[in-house]
Amino acid sequence: MDGSKFRYSATGLLESIETSLANYNRWIVSRFIREFRRHRYQSVLDFGAGIGSLAVLFKAMTGVTPLTLEVDGEQRAMLSRRGFSPVASIDQLPGDIDMIYTSNVLEHIPDDIAALRELRDHLAPGGRIFIFVPAFPALWTTVDDKVGHVRRYTKAALRQSLDEAGLKLESIRYTDPVGFLLVILFKLVGSQSGVPSDRSYFIFDRLLFPVSRLLDWVTSPFFGRSVFAVASKGEP
């Protein structure tokens, strides 16, 4: 995964989302941290760290500075300014990693199975990978086009990719049912810019996402805006 020439098309959107979806991002990171503490991992990698939105939260909530991998040069510069030491390639990592987390990254990678294989090869024995990706091809909108997605996943599709990459699936679920319904609404109504407004993100984050978290207990086997999976290093 050589990203020396890669440029992400929506860095500005990441900056906006970091502020507008503060509670949502904190919730995602809290899922990772729960497992980090439970298994007493020593090394952590934020794969596709972007501008560092999740890495900053992880560091603040645990006192542990995660390793960061980001292929976009501009975003690596931002990570450096925020106190991280990002690398552009998985081959630049210092040895095997106990825990890898990645949020809204795999859907950008044309060969996601090859990427997952590389991550698997850099997992330490007993290590795990934690994955958030957008769900359901039927939810494809102009946002997916603008940010450079190449796919959205179902549970079955992500399970197959993990299996082909030699990773052992431990759990998988849909999450954020309210977000699912809002994406359908956005498909019907849209916006002039082709992306939701900062205000709509803010309203979702502060008012609707807490409701979505409660509904997750019922809807997670069936639907949601995202898929969340946990996988471990399988046998060679």
May I have the step-by-step check of salt bridge (charged side-chain N to carboxylate O under 4.0 Å, His left out) for E107 and R152, ending in yes or no? CA-CA 6 Å; E107 68 274 11; R152 298 179 71 97; over 6 Å; no
Got a salt bridge between R82 and E18, using NZ or NE/NH1/NH2 to carboxylate O under 4.0 Å? yes
Quick one: pull up CZ in R199 and OH in Y201 and give me the separation to the nearest 0.5 Å. 15.0 Å
Any donor-acceptor pair under 3.5 Å from H108 side chain to V147 backbone: yes
Cation over ring, K155 on F136, under 6.0 Å and within 45°? no
Would you confirm whether R38, through its side chain, and I33, through its main-chain N or O, come within 3.5 Å as a donor-acceptor pair? no
Between S212 and D176, is there a side-chain donor-acceptor contact under 3.5 Å, judged purely by atom types and distance? yes
Would I131 and L106 satisfy side-chain contact (heavy atoms from CB on, under 4.5 Å), going step by step from the backbone distance to the final call? CA-CA 8 Å; I131 301 168; L106 285 180; 3.8 Å; yes
Indicate yes or no for a side-chain donor-acceptor contact from N25 to the backbone of A22 under 3.5 Å, with no hydrogens or angles considered. no
Could you check whether R225 makes a cation-pi contact with F204, meaning its NZ or CZ is under 6.0 Å from the centre of the six-membered ring and within 45° of the ring axis? yes
For the residue pair R26 and F32, would you count it as a cation-pi contact if the rule is NZ or CZ under 6.0 angstrom from the ring centre and within 45 degrees of the ring axis? no
Check: R128 side chain, F36 main-chain N or O, donor-acceptor pair, under 3.5 Å: no
Under 3.5 Å side-chain donor-acceptor pair for H122 and E118: no
Do V195 and K146 touch side chain to side chain, with heavy atoms closer than 4.5 Å? yes
Between V183 and T141, is a side-chain contact (heavy atoms from CB on, under 4.5 Å) present by the stated rule, with each step listed? CA-CA 8 Å; V183 173; T141 71; 3.8 Å; yes
What's the verdict on side-chain contact (heavy atoms from CB on, under 4.5 Å) for Y174 and T154, showing C-alpha distance, side-chain angles and the deciding distance? CA-CA 9 Å; Y174 293 114; T154 61; 3.7 Å; yes
Main-chain N/O of A88 paired with Q92 side-chain donor or acceptor, under 3.5 Å: yes
To the nearest 0.5 Å, atom CD1 of I97 lies from atom CG of D46 at 11.5 Å
Would you check if V178 and F209 make a side-chain contact, meaning some heavy-atom pair closer than 4.5 Å? no
For the side chain of R120 and the backbone of G166, is there at least one donor-acceptor N/O pair under 3.5 Å apart? yes
Same cluster for I100 and L79 if Ile/Leu/Val/Met/Phe/Trp/Tyr side chains link at under 4.5 Å? no
Between D98 and G127 (side chain of the first, backbone of the second, donor and acceptor by atom type, cut-off under 3.5 Å), is there such a pair? no
Y101 versus I129: any side-chain heavy-atom pair under 4.5 Å? no
Strictly distance-based, threshold 3.5 Å: is any side-chain N or O of T175 a donor or acceptor partner for the main-chain N or O of V227? no
Check for a donor-acceptor pair, side chain of R76 on one end and backbone N or O of V71 on the other, with a separation under 3.5 Å. yes
How are the rings of F132 and F228 set to each other: parallel, tilted or perpendicular (split at 30° and 60°)? parallel
